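Before any comments, here is the structure.
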Amino acid sequence: MNLGRKIYWDSITGGIIIDRMEMEGSVRESTVEEDFQTYIKLVERTPETVLGILLDHGKYSQDFDESVSFKIVESAEPVEGITTMIGEKYYDLEFEYRDPNDPETPQEPRKPLSVEVEALKQENTLLKAQNSALTERTEFIEDVIAEMATQVYQ
């Protein structure tokens, strides 16, 4: 069985309390109650001071590998592959990446690059289709003008 990443954080400060990595093999998903009995950092807390999400296995894996840090942000809508375990709201993640041109300068957290790349691929496909349609229309208009010129100059 493959388990996704599980993240618990402080509901007031946003500080990460537990970041359980993805797991594979002979494992089973623990319940929130079991986590509060198992993880020392959660045993010390009351559930009202903690929020938690569960990511599907593989969700943002490349972003976690390539980023320097991440933070949890509220989302207006449910995010595919992210389940809220504790809390009433929807959540997503933002990542901080190193700038390859200036690795020492901290960057602002941003949407996962994997999400941005997918959006750019979709936009590129749309732009190619629009470009193709405009090219066909231009060729049609050129043909009409050529036909009109032939009629006028005969």
Side-chain angles (χ1 to χ4, degrees), residues 1-140:
M1 176 176 224
N2 294 332
L3 301 182
R5 196 173 194 121
K6 187 185 279 190
I7 305 169
Y8 290 101
W9 69 98
D10 186 287
S11 61
I12 296 169
T13 67
I16 304 297
I17 301 168
I18 299 288
D19 178 13
R20 188 206 66 201
M21 306 297 200
E22 293 182 335
M23 301 172 76
E24 299 177 0
S26 298
V27 292
R28 75 165 182 85
E29 190 62 73
S30 57
T31 66
V32 172
E33 293 77 19
E34 290 172 329
D35 290 345
F36 270 87
Q37 295 170 0
T38 306
Y39 292 109
I40 295 170
K41 289 183 178 180
L42 291 177
V43 169
E44 303 167 343
R45 298 176 144 293
T46 59
E48 297 79 30
T49 65
V50 177
L51 296 170
I53 56 174
L54 177 64
L55 282 65
D56 287 353
H57 188 270
K59 179 76 172 176
Y60 299 149
S61 290
Q62 184 176 359
D63 298 287
F64 280 110
D65 290 343
E66 296 176 3
S67 66
V68 176
S69 65
F70 68 92
K71 72 176 187 175
I72 291 118
V73 294
E74 287 185 20
S75 175
E77 301 175 355
V79 177
E80 184 178 338
I82 299 180
T83 304
T84 300
M85 298 182 312
I86 303 176
E88 303 292 321
K89 300 178 182 177
Y90 302 115
Y91 300 97
D92 200 357
L93 289 108
E94 288 183 348
F95 293 86
E96 183 182 323
Y97 301 94
R98 289 195 196 287
D99 181 344
N101 299 321
D102 187 9
E104 299 304 316
T105 303
Q107 303 296 308
E108 288 295 316
R110 59 193 279 186
K111 285 183 180 180
L113 286 177
S114 57
V115 172
E116 289 183 20
V117 167
E118 191 57 39
L120 289 171
K121 284 180 181 178
Q122 291 175 359
E123 181 182 5
N124 190 33
T125 301
L126 175 64
L127 290 172
K128 284 180 179 179
Q130 289 173 342
N131 187 36
S132 178
L134 287 172
T135 300
E136 289 177 19
R137 183 172 182 193
T138 302
E139 290 172 357
F140 173 75

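Bear in mind that the values here come from a model prediction, so they are computed numbers and not experimental data.
The CD1 atom of I7 sits 9.0 Å away from the CE atom of M21 when rounded to the nearest 0.5 Å. For the atom pair CD (E29) and NZ (K6), the distance works out to 4.0 Å, reported to the nearest 0.5 Å. With rounding to the nearest 0.5 Å, the separation of NE2 in H57 from CE in M23 is 10.5 Å. Atom CZ of R28 is separated from atom CG of L3 by 10.0 Å, given to the nearest 0.5 angstrom. Atoms CH2 and CD1, on W9 and I17 in that order, are 9.5 Å from each other to the nearest 0.5 Å.
What you find for S67 and F95 is that their closest heavy atoms are OG-CD2, 3.4 Å.
For N2, there are no side-chain hydrogen bond (donor to acceptor under 3.5 Å, both in side chains) partners at least two apart in sequence or on another chain. Under the side-chain hydrogen bond (donor to acceptor under 3.5 Å, both in side chains) criterion, T84 pairs with no residue, sequence neighbours left out. Under the side-chain hydrogen bond (donor to acceptor under 3.5 Å, both in side chains) criterion, D102 pairs with T105, not counting sequence neighbours.
Salt bridge status for R20 with D35: absent, with no side-chain N to carboxylate O gap under 4.0 Å.
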Identify all side-chain donor-acceptor contacts of residues 38-54 below 3.5 Å with residues at least two apart in sequence or on another chain.
| from | atom 1 | to | atom 2 | distance (Å) |
| --- | --- | --- | --- | --- |
| T38 | OG1 | E34 | O | 2.7 |
| R45 | NH1 | D10 | OD2 | 3.4 |
| R45 | NH1 | T49 | OG1 | 3.2 |
| R45 | NH2 | D10 | OD2 | 2.7 |
| T49 | OG1 | T46 | O | 2.8 |

Side chains of residues 85-94: which donor-acceptor pairs under 3.5 Å do they make with residues two or more places apart or in other chains?
| from | atom 1 | to | atom 2 | distance (Å) |
| --- | --- | --- | --- | --- |
| K89 | NZ | E74 | OE2 | 3.2 |
| D92 | OD1 | Y60 | OH | 2.7 |

Tabulate below the donor-acceptor pairs under 3.5 Å that side-chain atoms of residues 114-126 make, not counting sequence neighbours, or state none.
| from | atom 1 | to | atom 2 | distance (Å) |
| --- | --- | --- | --- | --- |
| S114 | OG | D63 | OD2 | 2.5 |
| E116 | OE1 | R110 | NH2 | 2.6 |
| E116 | OE2 | R110 | NE | 3.3 |
| T125 | OG1 | K121 | O | 3.0 |

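Of the possible donor and acceptor atoms, one in the side chain of K59 sits under 3.5 Å from a partner among the backbone N and O of E80. Proximity of a side-chain donor or acceptor of S132 to a complementary backbone N or O of K128 within less than 3.5 Å is not detected. The closest donor-acceptor contact from the side chain of E66 to the backbone of Y97 lies at 3.5 Å or more, if one exists at all.
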Under the side-chain contact (heavy atoms from CB on, under 4.5 Å) criterion, do R5 and D19 qualify, and how do the steps go? CA-CA 7 Å; R5 196 173 194 121; D19 178 13; 2.8 Å; yes
